[in-house]
Amino acid sequence: MKGVALSAPTNYNCYSKIENNQFKQPTFIVPTNQFQFSSRNHPSKTYPLLSVCVKQSKSTQTPVTQKPDALPLVVVGSANADIYVEIDRLPREGETISAKNGQTLAGGKGANQAACGGRLSYPTYFVGQVGEDANGKLITEALKGGGVRLDYLKNVTGAPTGHAVVMLQSDGQNSIIIVGGANMNCWPERLSDEDLEVVKNAGAILLQREIPDSVNIQVAKAARSAGVPVILDAGGMDAPIPQELLDFVDILSPNETELGRLTGMPTESFEQISQAVAKCHKLGVKQVLVKLGEKGSALLVEGEKPIIQPIVRAERVLDTTGAGDTFTASFAVALVEGKSREQCLRFAAAAASLCVQVKGAIPSMPDRNSVLNLLQSVQSSSY
């Protein structure tokens, strides 16, 4: 997937309206199957671990069984209305072509990952912003339908809902142009303690780079102060990640292209990828989960042997939009559930395999039963 981020206007006159149905978080029980996070800023904290990458077929069922005592997954990030156009090829400079089809669907990396957590029947909160417009309603309804908890979703009057143009080619590959809108504007200069309450009570935090770095930094610092692991998906802004953010990230999750851009190093072979990841380790991020597309995924922890996960083959590939988000979010769900690293990778790979078999981002997120059934069928076929 190729992504191009366009800067939105910054002269919005913003007034944020926050929903008042926030509530005090319950006391959570920490899973017992754990692994250790350690960094120069946060030595010796233990949490569950996981990792993977692939694609799946897509169901429309809404998850219903969520454990009330589970530490929730909290996703802080973007929400977009994705304007899909289906084309045979990208237009050349100065050329106008006709699309075979077009539709608007809910998306955005943050909303995608939150929807994935909800569809996997795991307690998931989404912290983000939408405009008071039709696209904002579209996203809100899509997230509600996926079982995502929206107590910390804000409506802003001074900026439109973020949106993206997704140019989907016949081979399932896509190119994307993003307009930030409410994702990049109207955030308070300093997040309130109330806003950060859900962060401090999470099992894990998922961040991306389609909202301001200043917001991600505040969230990551709050999570670290409460001993909550932070996973940063490197997708989004085409700009260096501030060291102030990396200092509070436990797991960095780029794809090959993003890894090369962030490190300034080639990433065509696994040896090159390992060398680029070593540079990330020197920047303070001790665990790097690399999404390798058709080659699968790899979890590289400093001082340990890499764990490589091949893809779970999809019967057909219709749309790769949201595949990386599905992978990262599935990895995070397995993480907070206390799965082993190998189990987490397999779980994420199966979820991604199902995702690519359905058009759209949020509509393609798989439910838990579909993922488990696919894993079972893959295991059975290996004997």
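Note that these values count all heavy atoms, side chains included, but never hydrogens, waters or copies made by symmetry.
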R209/L232 under side chain to side chain contact (heavy atoms under 4.5 Å, CB included): CA gap, chis, key distance, verdict: CA-CA 8 Å; R209 303 200 66 215; L232 173 63; 4.2 Å; yes
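- The main-chain N or O of K109 is found under 3.5 Å from a side-chain atom of S78 such that the two form a donor-acceptor pair.
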Could you walk me through whether V74 and V219 satisfy the side chain to side chain contact (heavy atoms under 4.5 Å, CB included) test, starting with their C-alpha distance in whole Å, then the side-chain angles of each, then the deciding distance to 0.1 Å, before giving a yes or no? CA-CA 11 Å; V74 175; V219 170; over 6 Å; no
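- The hydrophobic clustering, which links ILVMFWY residues whose side-chain heavy atoms are closer than 4.5 Å, places L318 and I83 apart.
- Between the side chains of D367 and S121, no donor N or O sits under 3.5 Å from an acceptor N or O.
- Using a 4.5 Å heavy-atom threshold, the side chains of D250 and R224 count as touching.
- The pair R368-E337 meets the salt-bridge criterion, since a charged nitrogen lies less than 4.0 angstrom from a carboxylate oxygen.
- Considering only heavy atoms from C-beta on, V198 stays 4.5 Å or farther from D151 through its side chain.
- Of all the heavy atoms in A106 and N112, the pair that sits closest is O-OD1, 4.5 Å.
- At most 12 non-hydrogen atoms from other residues, nucleotides or ligands lie less than 6.0 angstrom from NZ of K305.
- A salt bridge does not link D247 to K221: none of the charged side-chain nitrogens sits closer than 4.0 Å to a carboxylate oxygen.
- Checking side-chain atoms of Q218 against main-chain N and O of L191 turns up a donor-acceptor pair under 3.5 Å.
- Two different hydrophobic clusters hold I176 and L138 under the rule that ILVMFWY side chains link at heavy-atom gaps under 4.5 Å.
- Side-chain contact check for L372 versus F347: some heavy-atom pair is nearer than 4.5 Å.
- Rounding to the nearest 0.5 angstrom, the gap separating the CG atom in L246 from the CG atom in L283 is 6.0 Å.
- Salt-bridge check for E304 with R341: passed, with a basic side-chain N closer than 4.0 Å to an acidic carboxylate O.
- Contact annotation: the side chain of K154 approaches that of D195 to within less than 4.5 Å [non-hydrogen atoms, C-beta and beyond].
- With salt bridges taken as basic N to acidic carboxylate O contacts below 4.0 Å, none links D319 and K359.
- Enclosure of atom CZ in R89 by more than 12 non-hydrogen atoms of other residues, nucleotides or ligands within 6.0 angstrom is indicated.
- In this structure, CD1 on I241 lies 8.5 Å from CZ on R261, to the nearest 0.5 angstrom.
- Residues I177 and M167 form a side-chain contact, since some pair of their non-hydrogen atoms from C-beta on lies under 4.5 Å apart.
- Atom CD of E294 sits in a sparse spot, with 12 or fewer heavy atoms from other residues, nucleotides or ligands closer than 6.0 Å.
- Considering all non-hydrogen atoms of both residues, L120 and P366 come closest at CD2-O, 3.8 Å.
- In this structure, Q169 places its CD atom where more than 12 heavy-atom neighbours from other residues, nucleotides or ligands lie under 6.0 Å away.
- Counting heavy atoms from C-beta outward, D325 and C116 have side chains that stay 4.5 Å or more apart.
- Residues L335 and I231 share a closest heavy-atom pair of CD2-CD1, 3.6 Å.
- Judged by distance alone, the side chain of Q113 and the main-chain N or O of L206 form no donor-acceptor pair under 3.5 Å.
- Interatomic distance, CD of E258 versus NZ of K291, reported as 6.0 Å (0.5 Å rounding).
- Side-chain atoms of V75 and V148, non-hydrogen and from C-beta on, never get closer than 4.5 Å to each other.
- Between L262 and C280 the shortest side-chain heavy-atom distance does not fall below 4.5 Å.
- Note that CD of Q129 is 11.0 Å distant from CE of M184, once rounded to the nearest 0.5 Å.
- A side-chain hydrogen bond (donor to acceptor under 3.5 Å, both in side chains) with T161 is found for one member of D133, T140, N155, N183 and no other, namely D133.
- In K279, the NZ atom is crowded: over 12 heavy atoms of neighbouring residues, nucleotides or ligands sit closer than 6.0 Å.
- Looking at S225 and K200, their side chains never bring a donor and an acceptor atom within 3.5 Å of each other.
- Considering every non-hydrogen atom in both A234 and L252, the closest pair reads CB-CD1, 4.3 Å.
- Remark: E256 CD to S269 OG distance equals 10.0 Å, nearest 0.5 Å.
- In terms of modelled atom types and a separation under 3.5 Å, the side chain of H281 and the main chain of L300 share a donor-acceptor contact.
- Interatomic distance, CG of L196 versus CG of N201, reported as 11.0 Å (0.5 Å rounding).
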In sequence, state the C-alpha distance, the side-chain angles, and the governing distance for I362 and L105, and then conclude on side chain to side chain contact (heavy atoms under 4.5 Å, CB included). CA-CA 8 Å; I362 289 179; L105 300 170; over 6 Å; no
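- M265 and I273 are members of different hydrophobic clusters when ILVMFWY side chains are connected at heavy-atom separations under 4.5 Å.
- The shortest non-hydrogen separation linking L73 to A332 is CD1-CB, 3.8 Å.
- Without hydrogens or angle criteria, Q272 side chain to E268 main chain gives a donor-acceptor distance under 3.5 Å.
- Nearest heavy atom pair, residue P91 against residue I87, reads CD-CD1, 4.5 Å.
- A 6.0 Å sphere centred on CD of E95 holds more than 12 heavy atoms belonging to other residues, nucleotides or ligands.
- D82 places no side-chain N or O within donor-acceptor distance of the main-chain N or O of Y84, the cut-off being under 3.5 Å.
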Going through the checks in order, is the side chain to side chain contact (heavy atoms under 4.5 Å, CB included) test met by T267 and T257? CA-CA 7 Å; T267 55; T257 302; over 6 Å; no
